[in-house]
K.L.:
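The structure follows.
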Amino acid sequence: MSTPQSPLHLARRRAVQAVAATGAATLLLVGCGSSGSSDKASSDKGSPSAATTAGASTAPAAGDKRTVKDATGTAVEIPAEPKRIVTLTQEDLDAVLALGLKPAGITNGQGLNEPPAYLKDKVQGIPVVGNLLQPVMDKVIAAKPDLILAGDMQDQQVLKQLREITPATLVTMAPTDDWKLSFRGIGNALNKLEQANKVIADYDAKAVKAGGELGANKGAAVSIVRWNPTGPSWMEKKQFASGVALDMGLTRPKAQDKDGNAHTPALSLEKINEIDGDWLFLSTLTDDGKAALKDVQSKPAYQELGAVKNNHTVTVDGSVWSTRGGPLAADAVIGDIGKALAAK
């Protein structure tokens with residue numbers, strides 16, 4: 001009989017396995033300039049550990065370049081040690097901050113006219129260069145970037161303009177990428193893949209530990225819902241916050257037990273029972289969404305939900321729970337779930 005393994009050991013093993021399975025969407029190293037690690041990285045390119053080897057290379061000299069593939073498979077030459085990074089999504093921003101770097105420019109959060117509240121203390125004084133995936137080019141130019149992380153930008157005209165500012169512009173995520181895959185890719189682009197792997201291993205261990213501390217709510221079915229002006233949408237299992245809940249050992253209600261990383265169309269009151277669960281986590285992104293949620297809370301259809309009757313509804317930050325996410329957002333979701341469920 002094998003010896004039981006600790007959650008931390010299992011988490012780190014899963015992180016290593018995930019690196020080996022990382023696909024083309026990750027920003028994998030494909031070549032270097034004058035960095036001293038170029039020959040090693042090139043010769044190891046076919047092995048599962050190649051990306052890790054490249055990410056852990058010694059500090060290159062000023063002016064060194066690396067070539068990575070972005071999430072679209074495009075090879076892009078970037079500085080080996082970028083100094084002035086502009087992020088165009090909060091997921092890129094989250095990743096950069098989680099790796100201990102300070103961007104030179106950022107965009108506002110999803111559905112917001114300011115940076116996400118959960119990152120507010122960490123971005124004081126950093127210039128805002130536009131809204132999510134809507135950069136103002138003059139402001140981007142003023143930030144003098146040597147690397148632009150462009151999230152899942154699909155507007156080719158905008159990408160062309162950004163690459164005129166600096167050719168080192170990377171699409172960092174594909175539509176089907178989960179946050180860990182994107183984060184590892186960003187970590188590699190920043191020459192910090194080894195550190196990114198450790199961040200994920202630490203997260204995995206924390207999620208397992210927090211899930212084990214939920215007492216009677218261990219394994220509970222949690223409903224994760226964003227309230228839109230036209231009604232509620234529940235999140236599929238591979239959507240960011242859903243994935244965090246599953247990593248904690250929680251489950252999803254039967255109606256929400258669907259693979260995918262998106263959310264449903266807004267539901268009518270006739271289908272509102274789909275959002276029920278042992279616990280109901282509710283978020284909004286706009287003032288109209290908040291008003292719609294407040295309005296429905298007085299209606300019988302809402303009041304008849306089991307989670308509502310049991311006082312198991314929790315209001316959470318939509319800019320954290322309704323996004324693609326990153327390590328800092330994942331930590332916030334673990335905290336929200338732990339605070340709500342461990343207290344009961």
K.L.:
Taking atom CG of Leu88 and atom CG of Asn131, what is their separation to the nearest 0.5 Å?
P.N.:
11.5 Å
K.L.:
Okay, side chain of Ser223, backbone of Gly277: is any donor-acceptor separation there less than 3.5 Å?
P.N.:
no
K.L.:
Could you check if a side-chain atom of Pro232 sits within less than 4.5 angstrom of a side-chain atom of Trp227, using non-hydrogen atoms only?
P.N.:
yes
K.L.:
Among the clusters formed by ILVMFWY side chains lying less than 4.5 Å apart, do Leu293 and Val308 turn up in the same one?
P.N.:
yes
K.L.:
Quick one: are Asp259 and Glu236 in side-chain contact, heavy atoms under 4.5 Å?
P.N.:
no
K.L.:
Assigning hydrophobic clusters by single linkage (Ile, Leu, Val, Met, Phe, Trp, Tyr; side-chain heavy-atom cutoff under 4.5 Å), is Met137 placed with Val86?
P.N.:
yes
K.L.:
Rounded to the nearest 0.5 Å, how far does CG of Leu328 lie from CZ of Phe183?
P.N.:
8.0 Å
K.L.:
Distance check, rounded to the nearest 0.5 Å: Gln161 atom CD versus Ile141 atom CD1?
P.N.:
9.0 Å
K.L.:
Could you tell me the separation between the CG atom of Leu101 and the CG atom of Leu93, rounded to the nearest 0.5 Å?
P.N.:
11.5 Å
K.L.:
So do the side chains of Arg66 and Glu77 get within less than 4.5 Å of each other, counting heavy atoms only?
P.N.:
no
K.L.:
Taking side-chain hydrogen bond (donor to acceptor under 3.5 Å, both in side chains) as the test, write out the residues that go with Asp92, two or more places apart.
P.N.:
Thr89, Thr172
K.L.:
What residue among Arg163, Lys160, Met153 forms side chain to side chain contact (heavy atoms under 4.5 Å, CB included) with Thr169?
P.N.:
Arg163
K.L.:
Give the minimum heavy-atom separation between Leu246 and Thr251, together with the two atoms involved.
P.N.:
CD2-CA, 4.3 Å
K.L.:
Calculate, to the nearest 0.5 Å, the distance between atoms CD1 and CG belonging to Ile224 and Leu282 respectively.
P.N.:
11.0 Å
K.L.:
Say whether Thr286 and Asp288, considering side chains only, have a donor N or O and an acceptor N or O under 3.5 Å apart.
P.N.:
no
K.L.:
Let me confirm one number: the CD1-CD distance from Ile272 to Gln303, rounded to the nearest 0.5 Å.
P.N.:
10.5 Å
K.L.:
In terms of the angle between their ring planes, are Trp179 and Phe240 parallel, tilted or perpendicular, with boundaries placed at 30° and 60°?
P.N.:
perpendicular
K.L.:
Judged by modelled atom types alone, do Thr166 and Asp146 share a side-chain donor-acceptor pair under 3.5 Å?
P.N.:
no
K.L.:
Could you tell me which non-hydrogen atom of Leu190 sits nearest to which non-hydrogen atom of Pro82, and how far apart they are?
P.N.:
CD2-CG, 3.8 Å
K.L.:
Donor-acceptor check, side chain of His312 to backbone of Asp278, threshold 3.5 angstrom: yes or no?
P.N.:
yes
K.L.:
Is atom NZ of Lys237 surrounded by more than 12 heavy atoms (other residues, nucleotides or ligands) closer than 6.0 Å?
P.N.:
yes
K.L.:
Of Asp152, Asp178, Asp177, which is the lone residue that meets salt bridge (charged side-chain N to carboxylate O under 4.0 Å, His left out) with Arg324?
P.N.:
Asp152
K.L.:
Treating Ile, Leu, Val, Met, Phe, Trp and Tyr as nodes and any side-chain heavy-atom pair under 4.5 angstrom as an edge, say whether Leu133 and Leu112 lie in one connected cluster.
P.N.:
no
K.L.:
Side chains of Thr230 and Asn228 only: does a donor on one sit below 3.5 Å from an acceptor on the other?
P.N.:
no
K.L.:
Quick one: closest heavy-atom pair of Tyr118 and Ser319, and the distance?
P.N.:
CE2-O, 4.1 Å
